[in-house]
Protein chains: 2
Amino acid sequence: MDWKHIQFDWNHARAFLVVADEGSLSAAGRAMAISQPTLGRQITALESQLKVTLFERVGKGLTLTQSGLRLYEYVKKMADAANEFSLVAQGQSNEVSGDVCISLTELDAYFRFAPLISKFKEYAPNIRLEVQVSNDISDLKRREADVALRYQRPTQPDLITKKIGSEHAYLYGHQDYVKHFANKKPQDVSNLQLIGFDHSDQMKHYLMEMGFPARDDQFTVICKNQLVQLQMMLQGGALAFLPDHIAARFPELVPAFVESFKPIELDMWLVCHRELHTSRKVRLVFDFLSENLNIK
Amino acid sequence: MDWKHIQFDWNHARAFLVVADEGSLSAAGRAMAISQPTLGRQITALESQLKVTLFERVGKGLTLTQSGLRLYEYVKKMADAANEFSLVAQGQSNEVSGDVCISLTELDAYFRFAPLISKFKEYAPNIRLEVQVSNDISDLKRREADVALRYQRPTQPDLITKKIGSEHAYLYGHQDYVKHFANKKPQDVSNLQLIGFDHSDQMKHYLMEMGFPARDDQFTVICKNQLVQLQMMLQGGALAFLPDHIAARFPELVPAFVESFKPIELDMWLVCHRELHTSRKVRLVFDFLSENLNIK
DNA sequence: TTCTATCTATTCATATTTGTATGTCCAGGT
DNA sequence: ACCTGGACATACAAATATGAATAGATAGAA
């Protein structure tokens with residue numbers, strides 16, 4: 001490796017960047033909490049080392065010369081890399097360590113989060129994650145989880161919520177089963193079998209809204225566990241609601257009654273205590289999930 | 001702009017890079033001409049600021065930790081940007097100024113170099129270029145030019161030569177003229193008109209090699225100026241040799257006797273005095289041309 | 001014009017960083 | 001077991017960078 005081209009003082013380069021951005025030595029000094037004479041000297045030193053005039057001293061303030069403007073883009077690149085460096089370093093920090101508990105639905109834990117664990121390990125090796133798999137709307141207030149993924153926006157004012165995506169759910173079934181109703185409307189099918197989520201009438205209400213009043217006896221099975229639901233659906237013989245991106249992983253699953261039903265739109269919300277959001281470790285997990293979880 | 005993530009000491013980041021690359025504090029110290037204790041302190045300072053252990057102190061030498069390895073790629077990015085910064089700064093330097101004379105053929109000056117002038121102005125605003133347009137093999141020894149583009153490799157040992165590309169030349173003509181000989185062999189055409197380069201027999205020799213002995217009376221015009229040759233060719237009525245990339249700019253020009261002739265392969269050599277190559281300004285021009293001139 | 005706010009340049013005491021010299025530790029060869 | 005070469009750590013003096021205070025300069029407002 002050849003080091004001679006990186007021998008200049010990198011802090012001077014940083015000073016150059018900030019001064020160029022802020023427009024004056026004084027402003028830059030304020031922005032990065034260092035004195036104006038120091039910045040002035042750093043700029044001068046850089047200029048004399050490079051033998052390039054970076055700024056035009058024109059009365060009040062400094063303006064970039066043509067050369068300075070051209071060089072600016074490279075210190076910008078340096079700063080971008082420095083930024084990433086610092087960000088990643090935060091994740092690697094020994095200080096940011098401990099346990100963080102996150103709450104996910106079965107489908108999200110299985111399909112979305114599981115593939116991310118090695119990435120997370122790299123991102124924050126000192127944080128141990130506890131994953132609470134549940135479809136219940138677990139109470140963040142009771143600290144059952146530090147961060148949770150929800151499909152309804154919580155209303156409590158002491159929670160931080162961030163919409164990280166949205167998805168569509170649809171009535172799916174095994175293709176061998178669905179083809180019996182091809183081109184039929186739900187009203188024309190009397191013996192349609194469904195897998196219910198729980199004993200609430202939410203699913204029935206939705207079907208009724210769509211003009212298909214389902215009877216209780218059509219719910220072959222009631223099961224809260226989405227993964228088990230999915231497995232049963234794959235056996236054929238019944239339909240259930242499933243997010244599109246999950247169904248897409250199984251070629252044998254096809255949507256039923258595409259003509260008659262409109263998809264259910266689900267917004268994904270990442271939720272966290274307002275106070276916990278100031279904790280570095282929780283903040284880190286929150287940011288990681290918000291950036292990586294919505295990838296299909 | 002938010003500066004808080006670039007507040008760490010950038011020189012420490014540089015120290016980190018070099019130590020990681022060289023494998024030990026002492027080696028890094030030697031490489032960048034600073035003492036081993038200084039480097040040790042810089043690394044320690046960086047580690048304690050980031051709260052990340054970058055190196056494992058294992059007996060002789062240091063090895064990167066997992067975190068250090070991950071962070072390394074970002075300081076590498078910083079260093080790459082720093083490198084570019086330094087390189088561009090050299091071009092902008094007030095020190096690198098003065099006149100540099102380059103020698104190019106008419107075609108290269110017209111088609112290749114002319115589009116580069118604004119880029120060169122940005123690259124080295126303090127250098128004034130003198131462009132010597134000539135097809136003569138001007139003598140670099142007599143300092144008629146500092147840098148020259150040649151199509152034959154000079155043999156003098158005191159010249160620096162660098163192959164910067166290669167191109168194919170072919171017998172071209174206006175499509176209206178060439179179509180008369182479509183699917184014919186050169187031997188079957190008796191009244192073929194050619195544009196000659198000079199009174200030497202080089203072109204005749206080449207044609208003879210290809211099995212087409214050209215007669216003197218077939219050379220309608222002899223003209224050393226390639227641009228004028230080109231213009232005459234565009235009028236139709238005669239064929240001439242032309243590099244492919246030039247011909248490609250004129251849709252009306254098509255190659256003649258594609259079946260019978262094989263293309264002439266021309267290597268492009270950038271040439272410079274060995275001693276001049278140490279001059280910053282000449283070096284800069286040489287590097288600029290070697291990077292930008294071969295673009296078609 | 002004159003005043004004022006705000007900028008850059010200079011000065012000097014202080015704080016920090018650096019290098020030299022030296023101590024200590026470890027691995028490999030004799 | 002001992003020696004040796006090369007590595008990192010430590011101590012202290014010298015070099016360097018920094019900040020507070022201040023002076024000088026400029027643009028804009030009254």
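In what follows, every chain begins at residue 1, and chains take the letters A, B, ... in the order their sequences are listed.
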Legend entry - Pair A:Asp158 + A:Arg274: basic N to acidic O under 4.0 Å: no
Inset, instruction - Apply the side chain to side chain contact (heavy atoms under 4.5 Å, CB included) test between A:Phe16 and each candidate in A:Leu39, A:Asn11, A:Leu71; give the one that qualifies. - result: A:Leu71
Inset, instruction - For D:dG6, take OP1 and OP2 only and decide whether either is under 4.0 Å from a side-chain N or O of B:Arg30. - result: no
Legend entry - From B:Val271, B:Leu129, B:Leu270, residue fulfilling side chain to side chain contact (heavy atoms under 4.5 Å, CB included) relative to B:Val147: B:Leu270
Inset, instruction - Measure the distance from CE on B:Met32 to C1' on C:dG19 and round it to the nearest whole Å. - result: 15 Å
Legend entry - Nearest-neighbour nucleotide for the B:Ile34 side chain, C:dG19, C:dC7, D:dG19 considered: C:dG19
Legend entry - Residues in contact with DNA chain C, drawn from residues 36-47 of chain B - heavy-atom cutoff 4.0 Å: B:Pro37, B:Thr38, B:Arg41, B:Gln42
Legend entry - Rounded distance in Å - CG (B:Leu25) to P (C:dG19): 13 Å
Inset, instruction - List for me each residue that meets ring pair (Phe, Tyr, Trp, His ring centres under 6.0 Å) alongside B:Tyr72, sequence neighbours excluded, and say none if there are none. - result: none
Inset, instruction - Check whether the ring centres of B:Phe8 and A:Phe85 lie less than 6.0 Å apart, and answer yes or no. - result: yes
Legend entry - Between P of D:dA17 and CG of B:Asn11, the distance in whole Å: 11 Å
Legend entry - Presence of B:Ser26 side-chain N/O under 4.0 Å of D:dC8 phosphate oxygens OP1/OP2: yes
Inset, instruction - For B:Ser24, answer base if it contacts any base atom (sugar-phosphate contacts may also be present), sugar-phosphate if it contacts only those atoms, and nothing otherwise; contact means non-hydrogen atoms under 4.0 Å. - result: sugar-phosphate
Inset, instruction - Treat a base pair as Watson-Crick or G-U wobble with both distances under 3.5 Å, then lay out DNA chain C in dot-bracket form, 5' to 3', with | for cross-strand pairs. - result: ||||||||||||||||||||||||||||||
Legend entry - A:Phe120 ring center near A:Phe113 ring center (under 6.0 Å): no
